2 protein chains.
Amino acid sequence: MIKNLPHKTIERLSQYRRALLICLDSGKTHIYSHEIARIQHITAVQVRRDLMLIGYTGTLRKGYNVKELIDLIGQIIDSDDGIHVAIIGMGNLGRALINYFAGKRSQLRIVAGFDINPDKIGNTMSGVPCFGIDDMESTIQKLDIRIGIMTVPADFAVEVADKLVKSGIKGILNYTPKPVNVPKDVYLEEYDMITSLEKVAFFVKMHSETE
Amino acid sequence: MIKNLPHKTIERLSQYRRALLICLDSGKTHIYSHEIARIQHITAVQVRRDLMLIGYTGTLRKGYNVKELIDLIGQIIDSDDGIHVAIIGMGNLGRALINYFAGKRSQLRIVAGFDINPDKIGNTMSGVPCFGIDDMESTIQKLDIRIGIMTVPADFAVEVADKLVKSGIKGILNYTPKPVNVPKDVYLEEYDMITSLEKVAFFVKMHSETE
DNA sequence: ATTTTTTTGTTAAAAATTTAACATTGTTAA
DNA sequence: TTAACAATGTTAAATTTTTAACAAAAAAAT
Ligand SMILES: NC(=O)c1ccc[n+]([C@@H]2O[C@H](COP(=O)([O-])OP(=O)(O)OC[C@H]3O[C@@H](n4cnc5c(N)ncnc54)[C@H](O)[C@@H]3O)[C@@H](O)[C@H]2O)c1
Ligand SMILES: NC(=O)c1ccc[n+]([C@@H]2O[C@H](COP(=O)([O-])OP(=O)(O)OC[C@H]3O[C@@H](n4cnc5c(N)ncnc54)[C@H](O)[C@@H]3O)[C@@H](O)[C@H]2O)c1
């Protein structure tokens with residue numbers, strides 16, 4: 001690991017990579033900082049600063065080598081041998097996520113789903129087997145799952161999080177609107193779609209009032 | 001509008017409200033800053049500071065009046081007469097979102113969905129009618145829709161965003177992994193689930209290396 | 001050959017955000 | 001009654017994040 005990269009830089013590196021992969025597909029071999037910036041709605045300085053932080057140096061007047069940069073970002077943010085991920089709650093959102101991730105990034109592989117509904121247990125969705133919630137602890141350990149994505153109904157969020165922690169999971173991505181608590185050796189990221197929408201609504205309102 | 005609230009404060013206000021609504025249900029009439037803080041994984045000082053910014057003052061030693069605070073946050077972030085929202089792309093994610101929002105916050109009402117698939121057009125999902133993408137501009141204007149949530153395949157993101165802008169939309173929440181461009185009088189929020197997951201993975205990796 | 005342009009890389013400044021410090025004041029308890 | 005306590009509200013400091021400024025150097029233009 002190079003050093004303590006700012007959280008925001010990590011997020012942007014992930015986004016840069018996505019943009020770079022698209023560039024690569026379109027046959028581009030080099031890209032300027034201002035081109036990356038334009039795509040991400042940020043400034044070119046910020047891009048250059050982020051790349052400086054990870055120690056990548058481009059070619060003056062030619063920009064950055066797309067392939068090299070993709071590889072370097074991979075070295076920074078990916079784990080050497082991939083990370084196994086589980087989805088807890090195979091409902092609407094869980095299914096949508098599995099569908100979405102299926103075959104996307106091989107580095108982060110959803111290898112299991114868990115649910116409480118007997119109708120779902122034993123089935124496979126987009127190649128991901130669904131296990132019973134009671135087998136969660138053992139399955140997580142057996143399959144060496146490190147990250148859990150929570151998409152259960154909000155009322156079960158807390159108990160599922162506790163169970164995940166007990167199973168030895170190292171990171172939780174909580175899509176439930178209910179905040180949960182985890183010990184500090186477990187990395188927790190919570191995202192609430194309503195907050196995003198309310199934020200958009202607020203700025204829309206503000207803009208219409210100040211125009 | 002009180003004043004220029006920091007973006008981060010807006011996000012937290014939305015989250016506070018969610019937590020407060022749950023408190024209200026459980027019969028609590030007052031809440032301390034440190035209780036709110038605990039739920040949101042932040043500090044009590046930050047809560048008090050945010051509330052100071054919106055000019056709410058609690059009762060010393062008794063905390064904040066839950067109901068009053070909910071109402072005040074509503075006055076700050078909600079629009080007086082609600083805002084109409086549309087979902088563009090009634091696939092897995094679009095359906096999940098509609099389901100989720102259905103009957104949640106009356107202030108932000110999903111009043112229409114749009115899709116290109118003839119099988120979906122004309123149907124209703126959880127009470128939300130699905131229109132054809134070709135009717136988007138007229139429908140948005142007719143129903144006074146201000147915000148669009150984009151859940152179309154990434155390849156269509158740019159053209160749909162352009163269309164939304166042309167229709168006079170004021171805010172876009174883009175769940176597509178493809179960044180789009182909008183004029184600066186349109187508020188744009190982009191969220192990428194892969195970035196979130198990669199961020200969690202990074203910190204899991206980092207922690208395991210430095211332990 | 002020399003000047004201009006364009007782009008990177010880096011240091012410094014600015015802005016935004018969080019945290020700390022602490023004064024204030026009801027409430028409880030001695 | 002007075003002292004200790006526990007909470008808020010606010011100013012100030014610290015931290016984090018973004019932006020600006022500018023030096024360096026390769027390429028292009030003159
Ligand atoms: N649908 C969305 O777009 C959306 C958006 C944001 C947040 N969310 C949140 O995500 C969560 C899931 O939403 P959804 O629309 O997919 O709901 P859903 O009801 O479709 O799915 C929930 C799934 O969890 C399973 N489940 C219930 N209790 C469980 C338990 N104890 N252990 C394991 N599995 C259990 C159910 O059987 C079901 O399959 C909710 O908390 C919701 O608030 C959903
Ligand atoms: N599913 C997820 O969990 C998830 C997560 C993050 C991001 N995303 C992104 O969200 C988007 C949708 O994902 P999904 O899983 O719902 O995909 P999906 O294929 O299930 O749904 C896409 C829908 O959009 C419709 N559509 C296609 N072209 C259109 C157009 N030009 N105008 C209007 N509608 C059109 C399709 O008919 C379909 O109903 C994708 O860009 C995906 O990358 C999905």
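Since this is a predicted model, take the numbers as computed values, not measurements. Within every chain, numbering begins at 1; the chains are lettered A, B, ... in the order of the sequence lines, protein sequences first and strands thereafter.
- Rounded to whole Å, the distance from NE2 on B:His34 to P on D:dT8 is 7 Å.
- Each of B:Leu60 and A:Arg12 has a nearest nucleotide on DNA chain D; the 5'-most of these lies closest to B:Leu60.
- Contact footprint of chain B on DNA chain C: nucleotides with an atom under 4.0 Å from a non-hydrogen protein atom, first to last in 5' to 3' order, C:dT17 to C:dT27.
- Less than 4.0 Å separates DNA chain D from no heavy atom of any residue of residues 21-29 of chain B.
- One atom, NE2 of A:His41, and another, P of D:dT18, lie 15 Å apart when rounded to the nearest Å.
- Distance, A:Gln40 CD to D:dT18 P: 13 Å, rounded to whole Å.
- A:Phe101 places a side-chain heavy atom less than 4.5 Å from the side chain of B:Ile194.
- Remark: C1' of D:dC22 and CZ of A:Arg49 are 15 Å apart, rounded to the nearest angstrom.
- A side chain to side chain contact (heavy atoms under 4.5 Å, CB included) with B:Glu198 is found for exactly one of A:Arg17, A:Glu11, A:Gln15, namely A:Arg17.
- Two residues, A:Leu51 and B:Asp50, neighbour DNA chain C, and the one matched to the more 5' nucleotide by heavy-atom proximity is A:Leu51.
- The backbone N or O of B:Tyr187 lies less than 3.5 Å from no partner atom in the side chain of A:His207, so there is not a single donor-acceptor pair.
- Under the 3.5 Å distance criterion, the side-chain polar atoms of B:Lys205 are matched with a main-chain donor or acceptor of A:Asp78.
- Proximity of A:Phe114 to A:Ile140: side-chain heavy atoms (C-beta onward) are separated by under 4.5 Å at one or more points.
- Side-chain contact between A:Tyr16 and A:Asp50 is present, with heavy atoms from C-beta onward closer than 4.5 Å.
- Side-chain contact between B:Glu35 and B:Val47: absent, with no pair of heavy atoms (C-beta onward) separated by less than 4.5 Å.
- Nucleotide C:dT7 forms a Watson-Crick or G-U wobble pair with D:dA24, both donor-acceptor distances falling under 3.5 Å.
- At whole-Å resolution of the value, CZ in A:Arg48 and P in D:dC22 are 15 Å apart.
- B:Thr9 comes within 4.0 angstrom of no nucleic acid atom, judged by non-hydrogen atoms across all strands.
- Within 4.0 Å of A:Thr57, counting heavy atoms only, lie sugar-phosphate atoms of the nucleic acid but no base atom.
- Rounded to an integer number of Å, the gap from A:Met52 CE to D:dA23 P is 17 Å.
- Side-chain atoms of B:Lys163 never come within 3.5 Å of backbone atoms of B:Asp134 as a donor-acceptor pair (strictly under, hydrogens ignored).
- Between B:Asp71 and B:Lys67 there is a salt bridge, since a side-chain N of the basic residue sits under 4.0 Å from a carboxylate O of the acidic one.
- If you measure from atom NZ of B:Lys8 to atom C1' of D:dT15, you get 13 Å, rounded to the nearest angstrom.
- For B:Tyr64 and D:dG9, the shortest distance from a side-chain N or O to OP1 or OP2 is below 4.0 Å.
- In this entry the distance linking NE2 of A:His30 with P of D:dA26 reads 15 Å, nearest Å.
- Residues B:Tyr175 and B:Leu97 have side chains in contact (heavy-atom distance under 4.5 Å, counting atoms from C-beta outward).
- Here the nucleotide nearest the side chain of A:Gln46, chosen from D:dA26, D:dA7, D:dT19, is D:dT19.
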